[in-house]
Q: 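Encoded as structure tokens, here's the structure I'll be asking about.
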Amino acid sequence: MANRELSKIFREIAGFLRMDNIPFKPQAYQRAAKVLDGLEDDAGEIYKRGGIEAVKNIEGVGESIASKIEEYVRTGKIKSYEELKRRMPLDLSEIIRIEGMGVKKARTLYLKLGVKNIKELEKAAKDHKISGLEGFGAVSEKNILEGIGFLKSKKGRFLLGDVFFIVENLVKELGGLEEVKRVEPAGSFRRRKETVGDIDILAVSENPGRVIDFFSSRNEVAKVWGRGATKCSVRIKDGFDIDLRVVPEKCYGSALQYFTGSKEHNVATRRIAIAKGLKLSEYGLFKGKTQIAGRTEQDVYKKLGMQWIPPEMRENKGEAELALEDRIPELIGYKDIKGDLHCHSDWDGGKNSIREIAESAEKMGYEYVGIADHTKYLKIERGLDEDQIRKRNKEIDKLNKTSKIRILKGCEANILKDGSLDIKGDVLAELDFVIAGVHSSLKMEEKYMTERIIKAIKDPNVDIISHPTGRIIQKRDECRINMEEIFKAAKDFNKVLEINSFPERLDLKDEYIRRAKEKGVKMIINTDSHIISHLGYITLGISQARRGWAEKKDIINTQPLERILEYFKR
DNA sequence: GCCGTTTTCGGCCCGACTGTTTTCAGTCG
């Protein structure tokens with residue numbers, strides 16, 4: 001896929017241009033990058049099919065960017081980009097991952113101190129070289145070190161959503177090979193952790209050499225680390241590593257169990273084995289020297305006297321004990337969602353029309369879909385005012401006459417600093433549902449932030465609180481909120497907390513989902529999509545819900561249309 | 001650099017917040 005690489009390059013070009021205060025061009029490159037990210041067709045393929053003219057038909061791509069795409073497809077490089085990098089040889093995309101660091105600060109620090117990457121930045125901050133510079137002070141140094149510390153604590157890990165579809169695709173391709181009998185990802189990927197390190201893939205084959213040949217020669221492979229008879233490690237162009245192991249069929253199950261982890265879960269299961277006079281390893285479950293299980297995971301757990309445990313639960317949080325007592329909950333399934341209620345349309349900053357969203361939602365097998373455009377406080381997202389909401393509602397009414405699935409009228413209103421909403425109540429009352437979320441003043445003290453959200457929960461028009469903690473994974477901690485009080489208020493006022501499926505949000509996170517479930521708080525899994533390709537993120541939200549042990553009954557959008565409407569009327 | 005049933009030239013989502021200043025630049029969403 002050339003799209004990902006091109007979009008990364010265009011984002012960097014945008015950064016370089018912004019550094020030099022060049023107006024408007026950065027937005028153009030940024031936009032092209034964004035379009036490429038959401039593009040289903042591969043730009044390289046488009047070029048090969050229809051030449052530069054076809055490429056120019058891509059939105060946001062004109063003369064100049066099209067010729068850069070052409071250059072990239074033909075030579076694998078873009079000269080002007082290489083030139084920019086030579087002039088400013090710093091790892092911009094890395095440095096700006098630190099919160100509070102942007103291209104201008106990166107530029108100053110490079111020119112004054114020669115800082116090229118996070119490591120050098122950390123040293124400069126520790127040596128107090130930064131506080132003396134114009135525009136920087138002691139607080140800047142402190143913030144930089146804090147930001148770096150935050151990034152480091154999740155070092156080398158990737159967002160599940162950033163690798164998910166690449167890995168799924170690879171596994172599907174491997175599974176399609178004739179010589180591959182079984183293949184599955186293991187590790188934290190299989191447990192669907194919100195961030196993953198290396199990806200482990202396990203396969204069974206009579207001909208490991210052929211499978212490894214295929215695996216290591218795929219064109220997204222950047223580097224082959226190690227190649228053995230049954231094992232191969234590669235780095236993908238996107239920057240993460242994948243290990244493939246080919247194992248004998250008779251221990252596929254035990255190997256899968258072993259490599260899925262977590263480490264702590266494995267310790268717990270091995271302890272159970274020992275208590276039964278057995279020994280569990282990646283090679284199987286043994287009684288003395290005889291293998292009594294190993295071919296399938298189910299068999300391994302069964303012979304241990306346990307129920308099979310969904311990978312998302314294997315974090316040693318009490319699941320082993322439940323499995324021994326036959327009390328593993330029936331988690332929400334990946335096909336249980338009947339509709340996504342947090343979709344932004346082109347009425348606000350979204351990309352697709354309501355009709356397109358409804359059609360995509362129908363293709364996903366949904367019964368209903370909810371349009372939840374931003375409201376007016378969020379100017380950057382073109383939030384709607386009262387009149388625009390009413391106008392949009394009319395369009396939805398019209399579309400509903402012909403649409404095969406029901407389109408619900410909603411919005412994502414802003415919870416202002418004092419806990420009030422930015423849209424008048426009489427307009428909210430005309431909607432099928434109202435989501436409310438915090439998008440500003442995220443650094444309030446716990447007491448005030450908690451009061452603020454609870455006030456919104458008490459608002460009779462509000463049904464759902466979106467991304468309740470406001471965290472951005474690997475970038476921003478959750479807001480200071482007393483979640484216990486939020487759960488209590490949600491329960492008392494019968495309001496729903498969102499599990500936002502966006503890769504960098506996944507908010508509520510697993511622990512809170514589990515706590516909410518214990519408290520009897522209802523939740524909803526939404527995508528917060530701004531383009532129809534985001535609708536597929538729902539699977540990440542479901543994973544998160546399963547990691548929080550949520551069952552179908554805990555998640556309201558597993559319910560049919562009438563039930564969910566009834567729920568919002570209450 | 002891209003785009004156009006208000007334009008083929010002249011526009012490009014902008015306000016809040018923070019840390020630095022003493023009126024503002026940079027970052028974020």
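Every chain is numbered from 1, with letters handed out A, B, ... down the list of sequences.
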Q: To the nearest Å, give me how far apart CZ (Phe24(A)) and P (dG11(B)) are.
A: 10 Å

Q: Under 30°, 30 to 60°, or over 60°: which ring-plane class applies to His530(A) and His534(A), parallel, tilted or perpendicular?
A: perpendicular

Q: Nearest to the side chain of Arg476(A), heavy atoms from C-beta on, is which of dG29(B), dG1(B), dT27(B)?
A: dG29(B)

Q: Could you tell me which nucleotide pairs with dT8(B) by Watson-Crick or G-U wobble geometry, both distances under 3.5 Å, or answer none if nothing does?
A: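 Across any shown strand, dT8(B) pairs with none.
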
Q: Measuring from the side chain of Lys68(A) (C-beta onward, heavy atoms only), which nucleotide among dG1(B), dT27(B), dG19(B) has the closest atom?
A: dG1(B)

Q: Is the base of dT5(B) syn or anti, where syn means the angle lies within 90° of 0?
A: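 Glycosidic conformation of dT5(B): anti.
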
Q: Considering only dT18(B), dC3(B), dC28(B), which nucleotide approaches the side chain of Arg31(A) most closely?
A: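 Side chain of Arg31(A) sits closest to dC3(B).
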
Q: Glu386(A) and Ile423(A): which non-hydrogen atoms are nearest, and at how many Å?
A: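 In terms of heavy atoms, the two residues are closest at OE2-CA, 3.6 Å.
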
Q: Using atom NE2 of His344(A) as one end and atom P of dC13(B) as the other, report the distance to the nearest whole Å.
A: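 Roughly 19 Å, once rounded to whole Å.
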
Q: Base, sugar-phosphate or nothing for Ser440(A)? Non-hydrogen atoms, less than 4.0 Å.
A: nothing

Q: Quick check: closest heavy atoms across Ile453(A) and Val438(A), and the distance to 0.1 Å?
A: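 So the minimum-distance heavy-atom pair works out to CG1-CG2, 4.0 Å.
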
Q: A side-chain contact here means heavy atoms from C-beta on lying under 4.5 Å apart; do Asn500(A) and Gln544(A) qualify?
A: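 No, side chains not in contact.
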
Q: How far does the P atom of dG1(B) sit from the matching atom of dT5(B), given to the nearest Å?
A: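 It comes out at 23 Å once rounded to the nearest Å.
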
Q: Does either side chain, that of Glu312(A) or that of Ser543(A), offer a donor lying less than 3.5 Å from an acceptor on the other one?
A: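 The answer is no; no qualifying pair exists.
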
Q: Rounded to whole Å, how long is the line connecting atom NZ of Lys105(A) with atom C1' of dA25(B)?
A: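 So the NZ-C1' distance, Lys105(A) to dA25(B), works out to 9 Å.
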
Q: For the side chain of Lys104(A), counting heavy atoms from C-beta on, which of dC2(B), dC17(B), dG26(B) is nearest?
A: dG26(B)

Q: Please report the distance separating the C1' of dC14(B) from the corresponding atom of dC9(B), rounded so that it comes out in whole Å.
A: 24 Å

Q: Please report, rounded to the nearest Å, how far the C1' atom of dG26(B) is from the CG atom of Asn21(A).
A: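 Between C1' of dG26(B) and CG of Asn21(A): 11 Å.
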
Q: Taking the P atom of each, how far is dT20(B) from dA25(B), in whole Å?
A: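 The same atom, P, in both gives a distance of 16 Å.
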
Q: Considering only the C1' atoms, how many Å lie between dC13(B) and dT8(B), rounded to the nearest integer?
A: 23 Å

Q: Contact class for Ala138(A) vs. all strands (heavy atom < 4.0 Å): base, sugar-phosphate, or nothing?
A: sugar-phosphate

Q: Rounding to the closest angstrom, what is the interatomic distance between dC12(B) and dC17(B) at atom P?
A: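 To the nearest whole Å, 25 Å.
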
Q: Which residue, His439(A) or Glu59(A), contacts DNA chain B at a nucleotide closer to its 5' end, judged by nearest heavy atom?
A: Glu59(A)

Q: So which nucleotide from dG1(B), dT27(B), dT20(B) ends up closest to the side chain of Val103(A)?
A: dT27(B)

Q: Could you check whether Lys104(A) and Asn21(A), counting side-chain N and O atoms only, form a donor-acceptor pair closer than 3.5 Å?
A: yes

Q: Remember a base hit wins even if backbone is also touched, and classify Glu63(A) as base, sugar-phosphate or nothing at under 4.0 Å, heavy atoms.
A: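 Sugar-phosphate, backbone atoms only, no base.
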
Q: Return the 5'-most residue of the pair Lys417(A), Ala66(A) with respect to DNA chain B, ranking by each residue's nearest nucleotide.
A: Ala66(A)

Q: Let me know the distance between CG of Asn57(A) and P of dC3(B), rounded to the nearest Å.
A: 10 Å

Q: Of the options dG1(B), dT20(B), dC17(B), whose atoms approach the side-chain atoms of Tyr29(A) most closely?
A: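 Among the listed nucleotides, the one closest to the side chain of Tyr29(A) is dG1(B).
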
Q: Just the rounded figure in Å: distance from C1' of dG26(B) to CG of Asp20(A).
A: 16 Å

Q: Classify the ring geometry of His374(A) against His344(A): parallel below 30°, tilted from 30° to 60°, perpendicular beyond 60°.
A: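 Plane angle under 30°, so parallel.
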
Q: What is the separation between atom CZ on Arg107(A) and atom P on dT27(B), rounded to the nearest whole Å?
A: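 Whole-Å distance recorded here is 12 Å.
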
Q: Using atom C1' in both nucleotides, what's the gap between dT7(B) and dG11(B) to the nearest angstrom?
A: 9 Å

Q: Can you tell me how far C1' in dT18(B) sits from the matching atom in dT23(B), rounded to whole Å?
A: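 About 15 Å, rounded to a whole number of Å.
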
Q: Whole-Å distance between dG11(B) P and Lys25(A) NZ?
A: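 Taking atom P of dG11(B) as the reference, NZ of Lys25(A) is at 19 Å.
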
Q: If the cut-off is 4.0 Å, is Asn143(A) near the phosphate of dG19(B), judged by side-chain N/O to OP1 or OP2?
A: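 The answer is yes; a side-chain N or O of Asn143(A) sits under 4.0 Å from OP1 or OP2.
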
